[in-house]
Protein chains: 2
Amino acid sequence: MSEGRSPQGETLLFLTDEQLRQGAEAMFFAYRGFTADPDRILDGLSYGRAHHRALHFIQTAPGTTVNNLLTILGVTKQSLNRVLRTLIEDGLVQSQVGRTDKRERHLYLTEAGEALERELSDAQRTRMRAAFRDAGPEAVAGFRRVLEAMMDPELRRQYHKLRGGRG
Amino acid sequence: MSEGRSPQGETLLFLTDEQLRQGAEAMFFAYRGFTADPDRILDGLSYGRAHHRALHFIQTAPGTTVNNLLTILGVTKQSLNRVLRTLIEDGLVQSQVGRTDKRERHLYLTEAGEALERELSDAQRTRMRAAFRDAGPEAVAGFRRVLEAMMDPELRRQYHKLRGGRG
DNA sequence: TTGGAATGTCAACAAGGCTGACTTAAAATG
DNA sequence: CATTTTAAGTCAGCCTTGTTGACATTCCAA
């Protein structure tokens, strides 16, 4: 992993401050790459990264309520509402009053919404697919293990909930 | 990796759209965790994440020029200048005219700057250390391999340049 | 029937990106 | 030496996306 040698030997080498600093920088640079492709598409439209996130999670969990989405995205309802309003106005998202609880709004993508979400996700996935292929299956497993361990417990719960039954 | 089975078998399973979507969500949630702890500290002060990034990379590459830092951070000089000005005014960063090229300004952390940088980095590293320990050395290696593959080539170059000679 | 939850909306504000225009100083180049 | 280019800084204005606070509406549930 490195030519350096800690007193504890190989086992703990990856926990030195320098290694952790390197990990932090890798996160920073990789996240830039992670968002670069969809951002480029959104630049042309009148949307931003916040719109992408909303579309993504509505696609992942169709019928989710506004409150649910707030928790997942970690923003205030005012922030989300601004984004959601334009998406609904533009016919990309459909808001449906709940049958059992009429206070709730269930969110769905329209066909146009699905089309844009697919375009954005495809751009993002193309890069991830290449990265996963380059790194190999075992690296990908490690990648996910570390990312999961880095999440806040509450967010980790959300993450697993999203993937329930599918992952 | 999953109970699902693709026609190609185990080898390509991690490249299905669903797996890639899961990877994207892991990135999103993990990045939230990654920034949460320093953000909490910065909330109290009159600084933001942009200040943290500047402090971090000046600490990583002391004496770096403004232009260098611009490239690494990927922002405009106007954006960076706003952040840098307050850090210099507050005595956290020192700007030194270059000896060979007097147009350049070389940036260094003062003692106070190093102290704040350490506080922020420590908070961030605590979480990463725990995550790395939980996931294990092989997972960490995979984590880094995938992140690196996800970077833009230009940023990957920057990333390696930062780590040059230090592992 | 009343309290509280879910949603939506208005207004104001801040951080941190951006562009464009311009200055200064110094280096590089013809 | 004159000119052009480069590095840095600054001013003004704009956008996105986050924040609070206040308030209205609707409706479930005790």
Side-chain angles (χ1 to χ4, degrees), chain A residues 28 31-32 35-36 38-58 63-90 93-107 120, chain B residues 28 31-32 35-36 38-58 63-90 93-108:
Chain A
F28 174 67
Y31 201 79
R32 291 254 297 277
T35 56
D39 278 2
R40 213 169 292 125
I41 294 169
L42 290 159
D43 252 6
L45 318 172
S46 53
Y47 298 132
R49 205 178 287 177
H51 299 84
H52 180 197
R53 287 199 287 257
L55 290 174
H56 178 107
F57 284 109
I58 296 173
T64 184
T65 64
V66 173
N67 239 4
N68 245 321
L69 201 49
L70 286 181
T71 308
I72 289 168
L73 294 174
V75 297
T76 58
K77 64 176 175 172
Q78 293 91 330
S79 265
L80 177 58
N81 197 251
R82 178 169 32 197
V83 164
L84 227 41
R85 200 188 324 164
T86 69
L87 291 175
I88 292 171
E89 277 170 2
D90 295 352
V93 167
Q94 203 188 341
S95 170
Q96 234 169 45
V97 173
R99 320 124 318 229
T100 67
D101 185 338
K102 291 174 191 161
R103 288 168 306 179
E104 296 179 339
R105 303 298 137 91
H106 298 275
L107 302 170
L120 296 169
Chain B
F28 173 68
Y31 201 78
R32 292 254 298 276
T35 56
D39 279 1
R40 214 169 290 125
I41 293 169
L42 289 159
D43 253 6
L45 318 171
S46 53
Y47 297 132
R49 203 177 290 175
H51 298 84
H52 179 199
R53 286 199 288 258
L55 291 174
H56 177 107
F57 284 109
I58 295 174
T64 185
T65 64
V66 173
N67 241 0
N68 244 321
L69 200 50
L70 285 181
T71 309
I72 290 166
L73 294 174
V75 298
T76 60
K77 64 174 177 175
Q78 293 93 328
S79 270
L80 177 58
N81 197 252
R82 180 168 32 197
V83 162
L84 226 40
R85 199 186 326 166
T86 70
L87 290 175
I88 291 171
E89 276 170 3
D90 295 353
V93 167
Q94 202 188 341
S95 170
Q96 235 169 43
V97 172
R99 320 122 319 226
T100 67
D101 186 336
K102 291 174 191 162
R103 288 171 306 179
E104 296 180 338
R105 302 297 139 89
H106 298 276
L107 302 170
Y108 300 90

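Keep in mind that what you see is a predicted model, and the values were worked out from it rather than measured. The basis for the numbers below is simple: all heavy atoms, side chains too, and nothing from hydrogens, waters or symmetry mates. Convention: sequence-line order gives letters A, B, ...; per-chain numbering from 1.
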- [ ] Determine which bases of DNA chain C form Watson-Crick or G-U wobble pairs with both distances under 3.5 Å, and write the result as a 5' to 3' dot-bracket string with | for other-strand partners.
- [x] ||||||||||||||||||||||||||||||
Task: Point-to-point distance, once rounded to the nearest 0.5 Å, from CG of B:Asn68 to CD1 of B:Ile58 - done: 11.0 Å
Task: Whether A:Arg49 side chain and A:Pro38 backbone form a donor-acceptor pair below 3.5 Å - done: no
TODO: Looking only at non-hydrogen atoms, find the nearest pair between A:Thr64 and A:Leu69 and report the distance.
DONE: OG1-N, 4.0 Å
Open item on the list: For a side chain to side chain contact (heavy atoms under 4.5 Å, CB included) check, start with the C-alpha distance between B:Thr65 and B:His106, then their side-chain angles and the critical distance, and finish with the verdict.
Closed with: CA-CA 5 Å; B:Thr65 64; B:His106 298 276; 3.7 Å; yes
Open item on the list: Show the nearest heavy-atom pair for residues B:Ile72 and A:Phe28, with the distance to one decimal.
Closed with: O-CE2, 3.9 Å
Open item on the list: Can you confirm whether A:Arg105 sits close enough to A:Val97 that some side-chain heavy atom of one is under 4.5 Å from a side-chain heavy atom of the other?
Closed with: yes
Task: Which residue lies more 5' along DNA chain D, comparing A:Gln78 with A:Ser46 via nearest heavy atoms - done: A:Ser46
Task: Reported CG-to-CZ distance for the pair A:Leu120 and A:Arg53, which is rounded to 0.5 angstrom - done: 12.5 Å
Open item on the list: Let me spell it out: for each of A:Arg105 and A:His51, pick the nucleotide of DNA chain D with the closest heavy atom. Which residue's pick is nearer the 5' end?
Closed with: A:His51
TODO: Residues of residues 67-75 of chain B with any non-hydrogen atom less than 4.0 angstrom from an atom of DNA chain D: list those, numerically ordered, please.
DONE: B:Asn67
Open item on the list: To the nearest 0.5 Å, what is the distance between CG on B:Leu55 and OH on B:Tyr47?
Closed with: 8.0 Å
Open item on the list: Going 5' to 3' along DNA chain C, between which two nucleotides do contacts with chain B fall, using a heavy-atom cut-off of 4.0 Å?
Closed with: C:dG16 to C:dA27
Open item on the list: Once you measure the plane-to-plane angle for B:Tyr31 and A:Tyr31, does it fall in the parallel (<30°), tilted (30-60°) or perpendicular (>60°) bin?
Closed with: parallel
Task: Taking every non-hydrogen atom, the tightest pair across A:Ala54 and A:Leu87 - done: CB-CD1, 4.1 Å
Task: Partner set under salt bridge (charged side-chain N to carboxylate O under 4.0 Å, His left out) for A:Arg103, not counting sequence neighbours - done: A:Asp101
Task: Span of DNA chain D in contact with chain B (heavy atoms, under 4.0 Å) - done: D:dT6 to D:dC11
Contacts table for residues 74-86 of chain A: side-chain donor-acceptor under 3.5 angstrom, sequence neighbours left out:
{"from": "A:Thr76", "atom 1": "OG1", "to": "A:Ser79", "atom 2": "N", "distance (Å)": "3.3"}
{"from": "A:Thr86", "atom 1": "OG1", "to": "A:His51", "atom 2": "NE2", "distance (Å)": "3.3"}
{"from": "A:Thr86", "atom 1": "OG1", "to": "A:Val83", "atom 2": "O", "distance (Å)": "2.9"}

TODO: Look up atom NE2 in A:His52 and atom OG1 in A:Thr35, then write down how far apart they are to the nearest 0.5 Å.
DONE: 10.0 Å
Task: Sugar-phosphate only, base, or nothing, as touched by B:Arg82 at under 4.0 Å among non-hydrogen atoms - done: base
TODO: For B:Thr86, answer base if it contacts any base atom (sugar-phosphate contacts may also be present), sugar-phosphate if it contacts only those atoms, and nothing otherwise; contact means non-hydrogen atoms under 4.0 Å.
DONE: nothing
